[in-house]
Chemist: 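Take this structure first; my questions come after.
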Amino acid sequence: MSEGLHEKCAVTALVGFDPETSVTEATYESLFAMQHRGTEATGIASILPDGRLETVHGKGLVRDVFTPEDIYNLGGSVAIGHNRYSTDGDKERHTQPLTDRALGYAFAHNGNLPDTRYLAANLLRRNMHPEHMNDSEMMSYVVSQHIREGLNLPDAVGVAYPYFTGAFSCVAMQDDTVVAFRDSKGIRPLAIGKSATGYSIASETCALDTIGATYEREVMPGEMVIIQGDSLESRMLADGDPKLDIFEFVYFARHDSYLYGKSVNEVRRRFGEELALEHPPMAESDNILVVPVPDTSVPAAEGYAEKLGLRHRQAIIKNRYIGRTFIQPNGKREEELRRKHNMIPEAVAGKDLILIDDSIVRMNTMPRLVEQARQANANSVTVLIASPPIRFPDFYGIDTSDQNELAAFNMTTEEMRKKIGCDYLGFLSLSRLVDATGLPDTDFTLSSFNGEYPISIGDHHKRLMVPASMEYID
């Protein structure tokens with residue numbers, strides 16, 4: 001996505017079979033592989049061989065926060081980690097994993113709870129005041145309080161689970177036990193891997209590949225997995241009804257990850273093929289150049305061009321040190337958008353240019369790219385988007401909670417085209433988006449496109465507004 005969506009984070013957990021062998025270097029590598037899911041802060045918590053809980057966390061990227069000395073000092077056979085993008089609470093606070101050293105307990109959460117009334121009431125009954133806590137901290141405190149009352153970690157999670165209303169893929173540990181659990185809809189991914197040295201949990205399968213673990217399966221919606229040494233136990237906490245957020249396919253997941261057993265890269269290529277059927281070019285094919293907005297839209301651009309026998313080329317240079325602007329704090333977004341992309345003039349001069357991106361959110365980037373193409377003397381500029389218009393806010397861990405900020409909420413497609421300054425603007429319809437996955441629409445959360453929320457969003461529902469149009473939602 002050229003303007004950067006922000007997703008709630010990444011979590012990972014590792015349990016080694018040998019209690020004398022450290023898993024923290026692999027935890028670091030797992031977080032490094034999932035840096036794209038959160039860039040604001042990172043942290044690792046580990047149980048040392050002597051039973052003490054040690055943690056290191058800080059603001060910034062994985063490579064900048066942890067030193068070799070940190071990894072050595074975190075040495076233990078059980079560890080969890082977290083990369084943060086904030087969707088609830090102060091962006092400068094609330095780093096994870098959350099810990100309670102006295103209990104040897106740590107907790108990390110990927111997702112967002114739009115309704116925390118039951119959690120808050122639970123904490124108040126225990127004389128704890130949640131007004132300065134974010135959703136993750138409320139979850140962690142409720143679990144830890146049940147541990148203090150005498151429950152072990154799995155039982156404490158089981159008792160606390162009904163109070164969690166929203167999207168969550170979580171890992172937690174106490175002493176030598178790790179648990180991983182998901183909400184009943186499985187809105188955010190969570191994968192289980194295994195290697196010769198231990199079990200691993202990660203938000204994406206690409207992290208398992210990085211550390212040499214073999215993908216076993218997903219933590220199922222409503223399931224808690226309990227890992228101790230070489231033992232893995234499953235416990236269902238709720239009836240599961242899988243509804244993965246389809247935006248994981250559209251934008252969030254890395255190309256080399258798998259979701260629902262499907263290659264993310266290949267599904268994105270099929271988005272492009274469906275886009276070719278819905279929006280064939282109007283110009284002569286020998287003068288058309290298909291150009292992706294890097295990086296997520298590259299497979300869609302390839303699929304589009306190859307379906308129609310068109311030339312495609314990466315003619316936009318992306319500054320690799322900017323990162324995902326959707327995952328930037330608001331104050332930096334505009335500044336970094338100006339630095340993020342640059343067009344190669346010689347590549348597009350005289351061409352009928354087709355720019356392909358994965359989505360449009362606030363419409364900050366595309367007008368600049370079209371202007372650059374005009375300045376480079378492109379003959380015409382078509383913009384195609386490999387997903388439907390985003391018209392509704394997300395409350396499950398994506399940074400689009402303000403509906404007024406969404407370009408497609410405020411404007412029709414034609415109004416957006418004029419604002420962007422292109423000759424043609426087209427989106428992929430919702431039915432084609434789903435068809436490209438090879439799965440039924442009932443397997444997905446589509447709320448950003450159609451406003452249908454599978455888990456309660458509490459009082460947020462009262463603030464939803466009717467968009468300017470509902471084009472491409474068929």
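Quick note: residue numbers are just sequence positions, from 1.
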Chemist: Applying ring pair (Phe, Tyr, Trp, His ring centres under 6.0 Å) as the test, list every pair that has at least one member in residues 350-370; sequence neighbours left out.
Modeler: none
Chemist: For Ala191, give me all partners under side chain to side chain contact (heavy atoms under 4.5 Å, CB included), at least two apart in sequence or on another chain.
Modeler: Thr205, Leu208, Tyr215, Glu218
Chemist: For residues Ser359 and Phe427, determine if any side-chain heavy atom of one lies less than 4.5 Å from a side-chain heavy atom of the other.
Modeler: no
Chemist: Take a 6.0 Å sphere around CE of Met470 and say whether it holds more than 12 heavy atoms from other residues, nucleotides or ligands.
Modeler: yes
Chemist: Quick one: are Met366 and Leu355 in side-chain contact, heavy atoms under 4.5 Å?
Modeler: yes
Chemist: To the nearest 0.5 Å, how far apart are NE2 in His36 and OG1 in Thr39?
Modeler: 11.5 Å
Chemist: Assess whether a salt bridge exists between Asp256 and Arg254, defined as any Lys/Arg side-chain N lying under 4.0 Å from an Asp/Glu carboxylate O.
Modeler: yes
Chemist: Do Glu371 and Arg368 sit within salt-bridge range, that is, some charged N less than 4.0 Å from a carboxylate O?
Modeler: no
Chemist: Does Phe449 have any ring-ring contact (aromatic ring centres under 6.0 Å, His included) partners at least two apart in sequence or in another chain, and if so, which?
Modeler: Phe247
Chemist: May I have all residue pairs that pass salt bridge (charged side-chain N to carboxylate O under 4.0 Å, His left out) and include part of residues 447-464, sequence neighbours excluded?
Modeler: Asp459-Lys462
Chemist: Which residues satisfy the side chain to side chain contact (heavy atoms under 4.5 Å, CB included) test with Ala373, sequence neighbours excluded?
Modeler: Met343, Leu353, Ala378, Val381
Chemist: Does the pair Ile211 and Ser200 meet the rule for a side chain to side chain contact (heavy atoms under 4.5 Å, CB included), with working shown?
Modeler: CA-CA 9 Å; Ile211 62 174; Ser200 49; 3.9 Å; yes
Chemist: Please identify each residue that fulfils ring-ring contact (aromatic ring centres under 6.0 Å, His included) with Tyr161, with sequence neighbours left out.
Modeler: Phe168
Chemist: Taking side chain to side chain contact (heavy atoms under 4.5 Å, CB included) as the criterion, tell me which of Thr382, Asp352, Asn379 meets it with Ile288.
Modeler: Asp352
Chemist: Apply the test side-chain hydrogen bond (donor to acceptor under 3.5 Å, both in side chains) to residues Glu414 and Thr412: give CA-CA distance (whole Å), side-chain angles for both, the deciding distance (0.1 Å), then the verdict.
Modeler: CA-CA 5 Å; Glu414 176 59 16; Thr412 65; over 6 Å; no
Chemist: Compare all side-chain heavy atoms of Leu277 with those of Glu273 and state whether any distance is below 4.5 angstrom.
Modeler: no
Chemist: Between Arg269 and Glu306, does a side chain to side chain contact (heavy atoms under 4.5 Å, CB included) hold up when you go through it step by step?
Modeler: CA-CA 10 Å; Arg269 286 180 64 86; Glu306 291 169 13; 2.4 Å; yes
Chemist: Provide the full list of salt bridge (charged side-chain N to carboxylate O under 4.0 Å, His left out) pairs with a residue in residues 112-123, sequence neighbours left out, each pair given once.
Modeler: Asp115-Arg117
Chemist: For the atom pair CD1 (Ile455) and NZ (Lys243), what is the distance rounded to the nearest 0.5 Å?
Modeler: 10.0 Å
Chemist: Answer yes or no: are there more than 12 heavy-atom neighbours, outside Asp474 itself, under 6.0 Å from its atom CG?
Modeler: yes
Chemist: More than 12 heavy atoms of other residues, nucleotides or ligands under 6.0 Å from CD of Glu284: yes or no?
Modeler: no
Chemist: Taking all atoms of both residues into account, what is the closest heavy-atom pair of Val171 and Thr12, and its distance?
Modeler: CG2-O, 3.7 Å
Chemist: What distance do Ile201 atom CD1 and Thr27 atom OG1 have between them, rounded to the nearest 0.5 Å?
Modeler: 12.0 Å
Chemist: Using every non-hydrogen atom in the two residues, find where Arg268 and Phe252 come nearest and quote the distance to one decimal.
Modeler: NH2-N, 3.9 Å
Chemist: Hey, what's the ring geometry for Phe181 with Phe164, parallel, tilted or perpendicular (30° and 60° as the breaks)?
Modeler: parallel
Chemist: So, Arg362 and Glu405, do they make that salt bridge, N to O below 4.0 Å?
Modeler: yes
Chemist: Sort and list the pairs that fulfil ring pair (Phe, Tyr, Trp, His ring centres under 6.0 Å) and have at least one residue in residues 360-390, not counting sequence neighbours.
Modeler: none
Chemist: Where do Ser203 and Arg37 come nearest, in terms of heavy atoms and distance?
Modeler: CB-NE, 4.0 Å
Chemist: Write out all pairs satisfying ring pair (Phe, Tyr, Trp, His ring centres under 6.0 Å) with one or both partners inside residues 265-294, taking only residues at least two apart or from two chains.
Modeler: His279-Tyr424, His279-Tyr472
Chemist: State the CG-SG distance between Leu31 and Cys9, to the nearest 0.5 angstrom.
Modeler: 11.0 Å
Chemist: Answer yes or no: is there a side-chain heavy-atom contact under 4.5 Å between Ile354 and Tyr304?
Modeler: yes
Chemist: Please check this pair: side chain of Ser297 against backbone of Val293, looking for a donor-acceptor N/O pair closer than 3.5 Å.
Modeler: yes
Chemist: Indicate yes or no: does Arg182 engage Glu223 in a salt bridge with an N to O separation below 4.0 Å.
Modeler: no
Chemist: CG of Leu119 to OG of Ser140: how many Å apart, nearest 0.5 Å?
Modeler: 11.0 Å
Chemist: Measure across Ala253 and Glu204 and return the closest heavy-atom pair with its distance rounded to 0.1 Å.
Modeler: CA-OE2, 3.3 Å
Chemist: Applying salt bridge (charged side-chain N to carboxylate O under 4.0 Å, His left out), which residue pairs with at least one partner in residues 430-445 are found, sequence neighbours left out?
Modeler: Glu274-Arg432, Glu278-Arg432
Chemist: How close do His109 and Asp135 get, counting heavy atoms only, and between which atoms?
Modeler: CE1-OD2, 3.7 Å
Chemist: Going by ring-ring contact (aromatic ring centres under 6.0 Å, His included), name the residues that satisfy it together with Phe249, two or more places apart in sequence or in a different chain.
Modeler: none
Chemist: Quick one, Ile420 with Lys418, criterion side chain to side chain contact (heavy atoms under 4.5 Å, CB included). Give me CA distance, side-chain angles, the key distance, then yes/no.
Modeler: CA-CA 5 Å; Ile420 290 171; Lys418 292 178 180 177; over 6 Å; no
Chemist: Output, in order, the C-alpha distance, side-chain angles, deciding distance and verdict of side chain to side chain contact (heavy atoms under 4.5 Å, CB included) for Leu406 and Val361.
Modeler: CA-CA 6 Å; Leu406 305 176; Val361 186; 3.8 Å; yes
Chemist: Are more than 12 heavy atoms from other residues, nucleotides or ligands located less than 6.0 Å from atom OH of Tyr141?
Modeler: no
Chemist: Within the 4.5 Å heavy-atom criterion, are Leu61 and Thr42 side-chain neighbours or not?
Modeler: no
Chemist: Taking the basic N atoms (NZ, or NE/NH1/NH2) and the acidic carboxylate oxygens, is any pair closer than 4.0 Å for Glu248 and Arg188?
Modeler: yes
Chemist: Could you tell me which residues satisfy ring-ring contact (aromatic ring centres under 6.0 Å, His included) with Phe444, sequence neighbours excluded, listed by chain and number?
Modeler: Tyr260
Chemist: Salt bridge or not between Arg374 and Asp423? Use side-chain N to carboxylate O under 4.0 Å.
Modeler: yes
Chemist: Taking side chain as C-beta onward, heavy atoms only, is Val157 less than 4.5 Å from Met224?
Modeler: yes
Chemist: Calculate, to the nearest 0.5 Å, the distance between atoms CG and CD belonging to Asp394 and Gln403 respectively.
Modeler: 12.0 Å
Chemist: Side-chain contact test, heavy atoms from C-beta onward, threshold under 4.5 Å: evaluate it for Ile317 versus His341 and give yes or no.
Modeler: no
Chemist: Return the minimal non-hydrogen interatomic distance between Ala408 and Pro467, and the atom names on each side.
Modeler: O-CB, 4.5 Å
Chemist: Determine whether Pro345 and Asn377 make a side-chain contact, defined as any pair of heavy atoms from C-beta on separated by less than 4.5 Å.
Modeler: no
